[in-house]
J.: 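Input: one structure, supplied below.
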Amino acid sequence: MAEGAVPRFWREIPQRYNLIGNKCNECEKVFFPPRESCPECRRKSMGKMKDFKLSGEGEVLTYTIIYEASEKFEGQAPYPLAIIQLKEGPKITAQIVDCDIEDVKIGMKLKSTFRKIQDDGYVGAIYYGYKFKKRN
Amino acid sequence: MVNIGIVSYGAYIPRFRIKSSDIAKAWGKDPKTITGGLGIIEKSVPSLDQDVATISVESARSALSRCSINPQDIGAIYVGSESHPYAVKPTGTIVAEAVCATPNLTVADYEFACKAGTAAIQTCMALVKSDMIKYGVAIGADTAQAAPGDALEYAASAGGAAFIIGKENVIATINQTCSFTTDTPDFWRREGRKYPAHGGRFTGAPAYFRHITSNAKNLMELTGTKPEDYTFAIFHQPNGKFPVRVAKMLGFTPEQVKQGLLCPVIGNTYSGATMLGLASVLDVAKPSDRVFLTSYGSGAGSDAFDITITDTINQLEKKKAPLVSELIDDKEYVDYATYAKYRDLLYWE
């Protein structure tokens, strides 16, 4: 990550470690990442957005296989990257791990897992967060 | 008397495995001699995105998923390992954040070769007993290092287990614990070095066997017990042979050792070794079963525990997290080249 990434990463720890989104207590819609206000309820949602911990359960909505990875992910290629429909509503993009690329299917049930995402080389900070694996 | 003990537990073993025979072939050794001599068929291998922090978090989350305690009631987290991802910045801070236990708790990382996890259990016991905390989480985990081609390479593996220590709803009471420690340089890693060094055969008699037998005898004297009083016995397992031999020296049978002996199929998980052995025993233990556990850490020391399973174990929701046997069975083999990539043996800039 570029210089200055540590404070940015630190601010996002609740989302990255524990999938903390938020919920509009006006219309009950769940958001991830959290939003300042609900795009449906607008000003009615002000002051009514509450933290909401997602279960980490979802399924593959669509996916691709990354063969030419960016520098920090080269060692892991080829690997699946999916848009995941979470049980509570939000869709998120994440890597699928512990799974053969041939076994990834649309509709496959997933659960979140805690992994190292990347680091700032051998001397920099290590960034952790969510990835997903198959759920039986 | 207040019962201090284990409230819940969780384990984690990375999915990748490499066979000892494949490591032997890479270095021109006879696979049968190596596999038979060490008693290790295969070992676990962490992937590029796994380290002691991720293994500790997975273990701790599994432990929490099996019981109903509020993470905010956790007053201490201690992570024992000799492969903490940072030299300075505690792994426990990452674990505490990832299990929603922050900010009102104490955290520290422990290091005592392969027994740092059991030292963490003892600290949590003391804090709970003195009412300084309600619950403590003790974790032993490693992604053990071994220099390419070294004898350690056949054993050094990855895995860990977490134990929630408390005095309410304990599934296993820790009746007694004691330790035996000396300055015995059998294995070490100097500051800033990537791989450990060891004293070869010196790691046996004056180190592993002296410390474990002395401490085990001390514990049985303290508790007034004999080997036949225990259903299960767990000993540190740097290879598949030492724990069986030390058990025999002390008068335990292979049947008592079997459930907690995982080294032949996952290798030596260092700080995770006796902890995973205990998790494997708790997976099958029944009320009133008695468990004898003796860890060993080079340098050198041993922690011993006398444990009795309570009726509460039947209420623990074990199925909410994977059993150790399920973690062992869920595996994918890698060849030596992939192993070398995953263990960062191939250095480039």
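Below, chains carry the letters A, B, ... as their sequence lines are ordered, and counting in each starts from 1. Values in this document were obtained by computation on a predicted structure and should not be read as measured data.
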J.: Decide side chain to side chain contact (heavy atoms under 4.5 Å, CB included) for I94(B) and F114(A); before the verdict, give the C-alpha distance in whole Å, the side-chain angles of both, and the deciding distance to 0.1 Å.
T.: CA-CA 11 Å; I94(B) 300 162; F114(A) 189 82; 3.8 Å; yes
J.: Would you say CD of E28(A) has more than 12 non-hydrogen atoms from neighbouring residues, nucleotides or ligands within 6.0 angstrom?
T.: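 Enclosed.
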J.: For R135(A), look at atom CZ and say whether over 12 heavy atoms of other residues, nucleotides or ligands are found less than 6.0 Å away.
T.: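 Yes, CZ of R135(A) has more than 12 neighbouring heavy atoms, counting only those of other groups under 6.0 Å.
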J.: Does a sphere of radius 6.0 Å around NZ in K29(A) hold more than 12 heavy atoms from other residues, nucleotides or ligands, not counting ones at 6.0 Å or beyond?
T.: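 For K29(A), atom NZ is not crowded (no more than 12 foreign heavy atoms under 6.0 Å).
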J.: Measuring from atom NZ of K134(A) to atom CG of D330(B), what distance do you get when rounded to the nearest 0.5 angstrom?
T.: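 Between K134(A) NZ and D330(B) CG, I get 9.5 Å after rounding to 0.5 Å.
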J.: Inspect the surroundings of CH2 in W188(B) and state if more than 12 heavy atoms from other residues, nucleotides or ligands are less than 6.0 Å away.
T.: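 More than 12 within 6.0 Å, yes.
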J.: For a side chain to side chain contact (heavy atoms under 4.5 Å, CB included) check, start with the C-alpha distance between D100(A) and E332(B), then their side-chain angles and the critical distance, and finish with the verdict.
T.: CA-CA 9 Å; D100(A) 292 335; E332(B) 181 184 338; 3.4 Å; yes
J.: If I measure from the heavy atoms of chain A, does E97(B) come under 4.5 Å with its side chain, its backbone, both, or neither?
T.: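 The answer is both parts of E97(B).
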J.: Counting heavy-atom pairs closer than 4.5 Å to chain B, which one of K53(A), Q95(A), R115(A), K116(A) comes out on top?
T.: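 Among the listed options, the one with the most contacts to chain B is R115(A).
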J.: On a heavy-atom basis, which atom in K131(A) and which in D49(B) lie closest, and how many Å separate them?
T.: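 Distance-wise, the nearest heavy atoms are NZ-OD2, 2.8 Å.
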J.: Is I13(A) close to chain B through its backbone or its side chain, or both, or neither, when contacts mean heavy atoms under 4.5 Å?
T.: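 Looking at I13(A), just its side chain touches chain B.
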J.: By number, which residues in residues 73-88 of chain B have some heavy atom less than 4.5 Å away from chain A?
T.: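 The list, in residue order, reads P85(B), Y86(B).
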J.: So what's closer than 4.5 Å to chain A heavy atoms on S47(B): side chain, backbone, both or neither?
T.: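 Side chain of S47(B) only, per the 4.5 Å heavy-atom cut-off to chain A.
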J.: For the NZ atom on K109(A), are there more than 12 heavy atoms of other groups (residues, nucleotides or ligands in this structure) within a distance under 6.0 Å?
T.: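 Not more than 12 within 6.0 Å, no.
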J.: At a 4.5 Å cut-off on heavy atoms, which part of K111(A) comes close to chain B: side chain, backbone, both, or neither?
T.: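 Neither part; nothing is under 4.5 Å.
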J.: Looking only at heavy atoms, which two atoms of C100(B) and N18(A) are closest? And how far apart?
T.: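 It is SG-ND2, 3.5 Å.
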